Amino acid sequence: MANQKDKVKFNVGGKTFETTASTFAVAGRSSFFGALFDENWNLQPDHSNEYFINRDPDCFGVLLNLLRTGKLYIPSNIPEKLIYDEALFYGLLDHVRSAKWGTFDGNRLRFSQSITNYAADVGTVIRASPHGGCCVAHGNVVHVYDWMLEEHPPVNLDYLKVNDVGWIDEETFAVSTSERQGGGGGMGLFSASTGELRHRFQFTCWDQLKGYTASALCSSSDKIFSSCKRGDNENGICVWDKVTGKQIDLYQESFGSKFVRSLGNADRLQWLHGTNCLMVASLTKNQKDCSLISLWDVRVKNKVWNWSDSFRYYDNSSSPYYHHSTEMWVRDVIAMEEVNSICVANQYEEFGFLDLRSPREVRSVKGLRKYFSTSNESKVKLALHDGQLFLLTGKKISVFCGPDWELTSRLQRPDGAAICDISLGGVWVSFILKPTVFHSCFLLLTVEDEIADDAYRGLGKSELLCAGCCYIALLWGDHLDCISFANNKYCSSGRSRTWLMCSAKPSVYLPCLNPGRKTVKFNVGGKTFETTATTFAVAGRNSFFGALFDENWNLQPDQSNEYFIDRDPDCFGVLLNLLRTGELCTPHHIPEKLLYREAMFYGLLDHVRSAKWGPFEGNRLHLSQSITNYAAAFGTVIRASPHGGCCVAHSNVVHVYDWMLEEHPPVNLDFQKVNDVGWIDEETFVVGASERHGGGGGMGLFSASTGERRHRFQVTCWDQLKGYTAGALCSSSDKIFSCCKSGDYENGIYVWDEDTGKLIDCYEEPSRLVLGWSLGNADRLQWLPGTNCLMVASLTKNEEDYSLIFLWDVRVKKEVWNWSDSFRYSNGSGDGYFSRETMSNESKVKLALHDGQLVLLTGRIISVFCSPDWELASRLQRPDGAAICDISLGGDRLFALPKEGNVFDIWETPRSPIV
């Protein structure tokens with residue numbers, strides 16, 4: 001029984017907890033509670049003999065039980081991410097990790113999850129961070145993930161191909177890239193939290209500062225090493241100081257040595273802490289190549305050991321090349337200091353060991369399939385962790401243990417996809433897969449503390465996914481698998497876009513307690529909450545709480561000193577945590593739309609939106625959901641509203657959705673084909689329709705909430721009221737523009753006042769048939785606020801057509817700039833037409849621009865380019881590969897309308913984790 005004097009009371013968010021100080025001693029001195037009871041702080045409880053903590057009470061109860069029992073039990077109504085955020089606040093993240101995942105054990109790896117991301121290129125490199133996060137390289141972009149698998153801002157390297165990535169510590173990593181024509185390349189140090197470049201490593205060779213290609217890299221406790229080259233003769237291992245980033249050495253071979261090129265073309269570098277040596281390995285790439293492995297002693301700056309799998313001879317053409325003395329072509333190596341060996345693996349799924357004391361032969365060859373080689377395209381990778389050797393050969397990851405390196409388990413993706421890279425870190429294994437579409441993923445495998453034997457009774461040993469109390473992440477074409485083990489992580493990577501997780505060390509947390517701070521109590525639907533007035537200050541003066549505490553209202557609590565609110569208590573708790581932490585964690589039992597309704601009531605809708613989605617980032621777009629609607633025809637036009645809703649036109653019907661993607665009453669235009677739709681504000685939109693036989697057509701203003709028509713825009717031509725066809729449209733701050741035509745010669749851009757809806761102007765050019773015709777048949781209008789000009793574009797529709805683009809100054813009512821993509825010439829019949837390069841008319845091409853990011857739709861693919869050099873940042877495609885006919889951007893969302901299927905897609909940017 002606990003000592004009564006040892007008891008401690010906490011009021012956490014209005015709920016009282018009672019425990020003992022000895023329980024909190026388990027948390028450690030660097031935790032929140034270690035600082036709370038530190039005699040240097042001398043913090044005292046309040047008048048009720050309680051310590052008040054303005055955090056979530058349910059999560060506190062889970063973490064308190066963790067300290068009491070050592071076991072982590074998370075109720076189904078509490079999101080895991082919320083537990084992790086609270087554990088980070090209290091400094092208990094290591095306790096949560098050690099309770100959730102066991103120590104790394106390759107024989108007990110379990111598939112955890114696959115993570116999909118979208119990038120412009122397939123994944124080529126995956127590297128696990130020390131605490132279980134990872135980064136994945138896709139061409140010239142590196143995607144970064146923390147240990148909770150939340151994506152951080154990516155690193156875009158401006159068309160520089162990534163060769164290798166290495167974690168320097170939990171917060172920073174180095175990236176090596178190839179030099180390109182015109183400069184660039186080399187190696188940089190980046191922040192894992194923000195993606196910003198912190199340092200660029202310079203390469204000096206022969207006393208000259210050089211542009212260079214950096215390939216394999218590694219680091220010691222105080223140095224960073226990379227294999228560097230420039231041209232054919234400037235090769236070596238460059239060494240930089242880890243603290244200052246300055247070059248401190250360059251290891252080079254004497255000219256003429258067969259190892260000269262290996263230093264600048266190394267495939268793997270590994271630092272050996274016990275011997276202060278650097279292992280350098282240049283591996284076999286084809287039949288006329290050889291593998292060269294050497295050890296460099298950094299104290300004497302010279303090679304002290306080397307080995308090659310070949311000897312030189314001449315064929316009939318007298319061309320020197322390397323011939324393999326055995327059939328073993330080394331495809332990967334890893335040094336094992338504990339046994340004074342280097343493990344080498346070949347293309348036959350065999351591995352052996354080089355004795356560092358006698359580098360004459362390969363000993364102890366272990367063959368898996370000795371007579372059946374894998375494909376030359378199959379990746380072979382080695383990884384080592386705590387006496388367990390992992391061998392990747394194409395589609396399988398084999399685990400070897402014990403002094404004789406016996407095969408203990410084999411891992412494979414459920415779909416049998418090939419894997420191109422693996423990496424170990426923290427408690428995860430992550431790997432990248434070969435892709436088949438423009439999105440990819442990686443896999444995580446986990447090992448629980450206890451595994452029920454009967455759950456695996458039907459599986460053979462070779463079928464078990466193992467990662468011993470860690471996470472294993474596998475990366476293939478479309479998925480990433482993770483295997484988690486209680487305390488370690490293992491990562492692997494393939495040829496697709498996939499990644500794995502990382503975890504960060506908890507900082508030293510100081511208690512943010514103030515026993516004298518005034519608290520506020522709320523009774524929400526019968527449940528009591530307690531917090532501080534400063535928490536509600538985050539909501540802003542325009543919110544429910546801003547009005548509640550406004551001195552002009554002078555609202556007072558009831559006799560129980562509580563404010564009563566007749567609303568849902570569960571939603572209130574979620575929104576209160578949002579104000580406390582800035583993070584939105586919605587339990588599964590609370591419908592999202594209910595939470596949005598409650599947020600609207602409290603005036604916190606903007607807070608919810610900003611917490612759920614980050615600003616639009618082309619590098620990090622994810623397919624959020626697809627919405628099916630039912631209409632008589634396929635969709636033709638989609639337009640995003642300013643706050644993230646949209647409307648979709650299906651022939652003569654327009655379906656309207658708010659930002660919660662709830663459908664509002666549609667607009668039915670009575671058999672009039674919709675040509676364009678434009679949002680005027682969040683509540684109203686304009687629809688342009690074709691004139692039909694017998695009248696109709698034109699343009700109308702509609703309510704987004706009710707679908708009712710508020711105004712019909714009239715057109716007067718030659719002082720007569722006309723029926724007309726309205727095509728492309730746009731609006732400025734006070735005007736609405738639309739290209740209109742009635743008959744063959746009555747064409748122009750018509751202008752209406754946005755407030756009154758009255759026609760105020762008409763832009764026509766009867767003297768120029770070509771331009772006059774384009775005014776009434778424009779495919780795109782765009783208002784340029786800075787210049788008070790209107791861009792009018794009439795685009796190519798067939799081989800005998802051409803595009804005409806011009807700017808119209810509304811002040812002088814005339815054209816001030818124009819451009820065309822063709823020139824006129826005559827054919828044999830004397831008819832003039834325009835010549836140009838033809839293209840398929842079936843593929844839709846659309847452009848959209850948002851905050852310095854250009855989005856290009858070409859048939860089935862959506863590409864995102866970033867300024868200032870408009871480099872390709874990512875490529876998006878529907879999972880079924882269907883063609884897309886229109887896209888639109890609004891409210892930090894990208895909407896895409898497939899050509900068929902009565903469905904539209906919503907792409908969003910997940911919010912970056914709060915650092």
Side-chain angles (χ1 to χ4, degrees), residues 539-540 542-544 567-568 571 574-575 578 584 586 590-616 621-631 635-650 652-669 674 676-688 700-711 729 731 754 848 850 886-898 901-911:
N542 295 327
S543 69
F544 174 95
R567 303 295 292 190
D568 183 86
C571 291
V574 173
L575 297 173
L578 170 62
L584 180 66
T586 308
I590 299 180
E592 278 200 345
K593 290 184 179 179
L594 174 61
L595 184 65
Y596 298 156
R597 298 267 179 218
E598 293 296 288
M600 189 180 299
F601 172 82
Y602 292 113
L604 299 177
L605 209 50
D606 285 340
H607 291 73
V608 169
R609 278 196 287 236
S610 62
K612 189 168 176 62
W613 309 294
F616 185 88
L621 284 177
H622 286 249
L623 180 60
S624 170
Q625 58 182 304
S626 297
I627 294 182
T628 302
N629 49 41
Y630 301 92
T636 54
V637 176
I638 190 166
R639 292 293 180 265
S641 72
H643 291 86
C646 74
C647 52
V648 186
H650 301 266
N652 64 315
V653 179
V654 180
H655 292 265
V656 186
Y657 300 83
D658 61 22
W659 80 274
M660 293 183 287
L661 301 177
E662 286 193 337
E663 187 173 3
H664 290 246
V667 173
N668 196 313
L669 296 176
V674 175
D676 201 1
V677 182
W679 287 87
I680 304 304
D681 52 42
E682 186 62 23
E683 177 54 29
T684 56
F685 62 92
V686 176
V687 179
L701 182 71
F702 295 87
S703 165
S705 302
T706 64
E708 65 178 352
R709 188 172 68 187
R710 293 188 173 178
H711 182 75
L729 58 89
S731 63
E754 192 170 293
H850 181 85
D886 199 11
I887 58 174
S888 184
L889 281 160
D892 289 319
R893 281 171 164 169
L894 170 64
F895 293 88
L897 182 64
N902 280 332
V903 66
F904 65 91
D905 303 326
I906 301 98
W907 297 76
E908 295 170 340
T909 303
R911 180 182 174 183

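Here the structure is a predicted model, which is why all the values come from computation and not from measurement.
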Checklist entry - Are the side chains of C647 and F702 in touch, meaning some heavy atoms are under 4.5 Å apart? => result no

Item to check | V677 backbone acceptor or donor facing R639 side chain under 3.5 Å | outcome: yes

Checklist entry - side chain to side chain contact (heavy atoms under 4.5 Å, CB included) between V574 and I590: does it pass, once the steps are laid out? => result CA-CA 9 Å; V574 173; I590 299 180; 3.8 Å; yes

Item to check | Face-on cation placement of R567 at F601 ring, 6.0 Å and 45° thresholds | outcome: yes

Checklist entry - With no hydrogens and no angle check, is any side-chain donor or acceptor of T684 less than 3.5 Å from a backbone partner on I680? => result no

Item to check | Check: W907 ring centroid to W613 ring centroid under 6.0 Å | outcome: no

Item to check | Value rounded to 0.5 Å, distance of CG in L669 from CZ in R709 | outcome: 9.0 Å

Next on the checklist: Has D892 got a side-chain atom pairing as donor or acceptor with P615's backbone, closer than 3.5 angstrom?
Outcome noted: no

Checklist entry - Any idea which heavy atoms bring F685 and V687 closest together, and the distance? => result CE1-CG2, 3.5 Å

Item to check | Spacing of H643 atom NE2 and D658 atom CG [to the nearest 0.5 Å] | outcome: 12.5 Å

Checklist entry - Once the angle between the rings of F904 and F895 is folded into 0 to 90°, is it parallel (under 30°), tilted (30 to 60°) or perpendicular (over 60°)? => result tilted

Checklist entry - If you take all heavy atoms of I638 and D886, which pair is closest and at what distance? => result N-OD2, 3.1 Å

Next on the checklist: Is a donor from one side chain sitting under 3.5 angstrom from an acceptor on the other, for H622 and E908?
Outcome noted: no

Checklist entry - Any idea how H650 and H655 line up, ring-wise: parallel (<30°), tilted (30 to 60°), or perpendicular (>60°)? => result perpendicular

Item to check | Backbone of S626 reached by a side-chain donor or acceptor of D905 within 3.5 Å | outcome: no

Checklist entry - Aromatic rings Y596 and W659: how do their planes relate, parallel, tilted or perpendicular, breaks at 30° and 60°? => result tilted

